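Everything on this sheet refers to the single structure shown next.
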Amino acid sequence: MAKNKLVLIDGNSIAYRAFFALPLLNNDKGVYTNAVYGFTTMLLKVLEEEAPSHMLVAFDAGKTTFRHKTYGEYKGGRQKTPPELSEQFPLIRELLDAFDIKRYELENYEADDIIGTLSKTADSKEWEVKVITGDKDLLQLVDEHVKVSLTKKGITDVDTYDLNLVEERYGLKPEQIIDMKGLMGDSSDNIPGVPGVGEKTAIKLLKEFGTVENVLDSIDQVSGKKLKEKLEDHKDQAEMSKKLATIEVEAPIEIELESCTYTNEISAKVIELFKELGFNSLLDRVDSEAAEEAEAPTEDIDYEILNEVNDADFGDEAAVVVECLEENYHNGEILGIGIVSDKGNFFVPTEVALESDALKKWLEDDSIVKYLPDAKQATVSLAWKGIKLNGVKFDALIASYLLNPSDSSHDIASIATRLGVKGVSSNEAVYGKGAKQKVPEQEVLSEHIVRKAFVLREVVPTLKESLKKNELEMLFYELEMPLSIVLGEMEQQGVQVDVERLEQMGKDLNEQLKDIESKIFELAGTEFNINSPKQLGEVLFEKLQLPVIKKTKTGYSTSADVLEKLKDKHEIIEEILYYRQLGKLNSTYVEGLLKVVHRDTEKIHTRFNQALAQTGRLSSIDPNLQNIPIRLEAGRKIRQAFIPSENDWVIFAADYSQIELRVLAHIAQDDKMMEAFNEEQDVHTKTAMDVFHVEKDEVTADMRRQAKAVNFGIVYGISDYGLSQSLGITRKEAGEFIERYLESFPGVKQYMEDIVQQAKREGYVTTMLNRRRYLPEITSRNFNLRSFAERTAMNTPIQGSAADIIKKAMVEMDKRLKKEKLQTRMLLQVHDELIFEAPKDEIKKLEEIVPEVMENAIQLDVPLKVDYSYGDTWYDAK
DNA sequence: TTAATCACGC
DNA sequence: GACGTACGTGATTAAC
């Protein structure tokens, strides 16, 4: 018979380790599971590597043990177990029961003692024993048959100590570990030891004398006067400390080793529990069948490939997938359409779909309810083919995003995985990624598309229910869904670009760049690649010996703020800054934009990502039209290339003035700030007056600049460090500045405190329209993570509500333009501004309705103010 | 391919 | 007192 192998796990120690090593995650039911998760990964690893025949997990029982009788202060001063961890212990017990692993705790004894007793018993029977713990004390148990695995960092990274390793690391025998503890103590258990004796001294003494008792008997032989005194003074304490550190190996355990058998069979209970806890990634590790299912759906799906569609009888409620070849649906070809309804599962090849009047009619029929995995993508893809998709009642992408914006992906496969629904592979698995990306053979492709629709139809009810539970229905149905249609129209409309003008700018820039380049080479006395921070750093800080202001991970920092500080040290700096400025304009804006201009129409069609930014803002890609230069004149000129798409039209731009600060005034109900806006004062000047305690005419330009920076900081949730950087002051000064600010606006201060408390209590914050952002890290013990979450808690309701407002305005504006039968088209949104193109004879009307709609999108207790302007190009609309 | 650095907007 | 400090997109370089 094979030799018995016993694995003993220090349950409390590993649970603690796991809890602190992993971020405080919770599953979809809001239950914290990080410790359980970490514990489980450790357990799975141990089971796999050790394949034990016997197993037991020991826990500490209750608060006091026999050690407290010896020493009342034992484990004193220890932080209370965080409730987020305590609540996970029952789950860990449940987990062990599911695995059918014996667990044990004993009144008056610690887990250490249970493990010690059992390991000695097993040792005497010549079983092989492995102890898993994070507690070094247990090293005292090591001997010929007993090995101890100590967690290093994380939970699954361990060092396994045998006799040799203990000797190597400490130069001691395992049984001397307790002597070491006796001398040096253990602050985590509040064991005193001998003051002034640390690990080094303790080991030195033990190498010479062997045990605590021998050391104390031979104090006169110890070298060092101070050390002698200390040993003499703390004799009793040293002996007691040793006693405390000694693990009891004869605890009155009522459990037979033989009953701790482990069969290494994963039961259905385990799989059930994993599902319940949301451990989807662990599921396929324990369940090979599940793994296969997850990788490649094994359950067959029946579907019909339609080679013609004469009467589109797909029912009046269907999941529809319009698969697109390219990620950029503006120029991507449609790969096929999947339709799943109570009439069955269908795949319509593109060429059939585009030929079929019946299908077109069905897709355009507003009375047929359609669920989409990404409505904007499908709508725009079809629109390019002359089909106007109607009847979209549910967009899974947006639903998933609203339910938890921080989920990394909201495509249908990811949503399905999160909800534990099987039957669809990821796009990456089907299409590959990067250079290897390709369209698979027809059969694989059609099945994948149909599966997407099938799974979509399955998850819609769950998503709907979750939206309802989280009070997101209004936001979803009334705002985001209608907005997606508006955004799609804006994208497809596109913005006209004056290509010639852009090309001319490019030529000019290239010439200038050449000039500056040669100037820089001359000043540097060498030729190099100015665009390479590495080479530039070498030239500036080695060749030219300029002082190093800041370093990065890889070398010298050459960022603008560093160069700014070196400006008067060398002529070359100014040239480099100018080179950077022009280089950026040329590569990102001139060349970058020219690359994405639609060849036939000379228009640019961006895509707005509606399901990405954590605050609820939109983002814009391919190209990003939300970061076209404006601050510096040279860059601002890029806007001259953005023109109306019709003759005698203008670009009309309208932006909210100080929308975030107005939102803050409203949310915080801060009297002073509301007053500033109600009286239409300049808010930065007003801030300066309050913070510096001066009258209006005493506010200097610099005071206003500083006040503006603080307001900016409040709006973007930056730290005192961030503010110190932007104002060029110390962190301390910045901190005091913020403090003064908050004292000037007590309502704001109160809000900041309240919202952090609320976030801690609820686990999330919300915007005015109930958009949610979860902040699990707000209870982190890591200062950075926690601080960041706190600033996010303060900032997200402000920025997110501002995003709500402009989104609402966009939906209203679209309705209004249609209602008034105007030709004016909304083209872009840049966070707090809307850009239109309009016939000249509609300008008057727009001057009236644009501010009206935008200012009344949502009612606040302060007025919203909109400024507008128009001109022949975007540049001129200033 | 991927990571690091830099820079643009709000 | 540490820690590494608004977000998002995109270009370029350099190491893999």
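Order of the sequence lines fixes the chain letters, A, B, ..., with proteins taken first and strands second; residue numbering starts at 1 for each chain. Owing to the predicted nature of the structure, the values given are computational and were not obtained by experimental measurement.
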Which pairs with one or both residues in residues 617-636 of chain A pass ring pair (Phe, Tyr, Trp, His ring centres under 6.0 Å), sequence neighbours excluded? none
Basic-acidic side-chain contact under 4.0 Å: A/R617, A/E660: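 Yes, A/R617 and A/E660 are salt-bridged.
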I'd like to know if A/D876 pairs up with A/R639 as an ion pair, taking the criterion as any Lys NZ or Arg NE/NH1/NH2 lying under 4.0 Å from an Asp or Glu carboxylate oxygen.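 Between A/R639 and A/D876 there is no salt bridge, as every charged N stays at least 4.0 Å from the carboxylate O atoms.
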[N] phosphate, OP1 or OP2: any side-chain N/O from [X] under 4.0 angstrom?
X: A/T554; N: B/dA4; value: no
X: A/K553; N: B/dA3; value: no
X: A/T615; N: C/dC7; value: no
X: A/T558; N: B/dT5; value: no
X: A/N531; N: C/dA11; value: no
X: A/S557; N: B/dT5; value: no

Need one value for [X]: base, sugar-phosphate or nothing, where a base atom within 4.0 Å counts as base even if backbone is also close, heavy atoms only.
X: A/N795; answer: nothing
X: A/L785; answer: nothing
X: A/L612; answer: sugar-phosphate
X: A/Q535; answer: sugar-phosphate
X: A/N609; answer: nothing
X: A/T588; answer: sugar-phosphate
X: A/N529; answer: sugar-phosphate
X: A/R786; answer: nothing
X: A/Q799; answer: nothing

Atom-to-atom span, [atom1] of [X] to [atom2] of [N] - whole angstrom:
X: A/Y721; N: C/dG1; atom1: OH; atom2: C1'; result: 17 Å
X: A/M794; N: C/dT5; atom1: CE; atom2: P; result: 18 Å
X: A/E538; N: C/dA14; atom1: CD; atom2: C1'; result: 12 Å

Sticking with atom C1', work out how far C/dC3 lies from B/dC6, rounded to a whole angstrom.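 It works out to 24 Å between them.
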Nearest-Å distance once atom P is located in both C/dT5 and B/dA4: 12 Å
Main-chain N/O of A/T730 paired to A/E733 side chain as donor or acceptor, under 3.5 Å: yes
Under 3.5 Å on both distances, the Watson-Crick or G-U partner of C/dG8: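 Its partner is B/dC8 (Watson-Crick or G-U wobble, both distances under 3.5 Å).
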Complementary nucleotide for B/dA3 - Watson-Crick or wobble, under 3.5 Å: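 Answer to the pairing question: C/dT13, which forms a Watson-Crick or G-U pair with B/dA3.
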Are A/F712 and A/Y716, when compared by the centres of their aromatic rings, separated by less than 6.0 Å? yes
With distance as the sole criterion, do the side chain of A/R617 and the base of B/dG9 form a donor-acceptor contact below 3.5 Å?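 For A/R617, whose side chain was compared with the base of B/dG9, there is no donor-acceptor pair (under 3.5 Å).
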A/Y764 and A/R772 side chains, donor-acceptor separation under 3.5 Å: yes
Could you work out which one of C/dT13, C/dA2, B/dC10 sits closest to the side chain of A/S532?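 Of the options given, the side chain of A/S532 lies nearest C/dT13.
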On DNA chain C, check which nucleotide each of A/N784 and A/F788 is closest to and give me the residue with the more 5' one.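 Its nearest nucleotide being more 5', the pick is A/N784.
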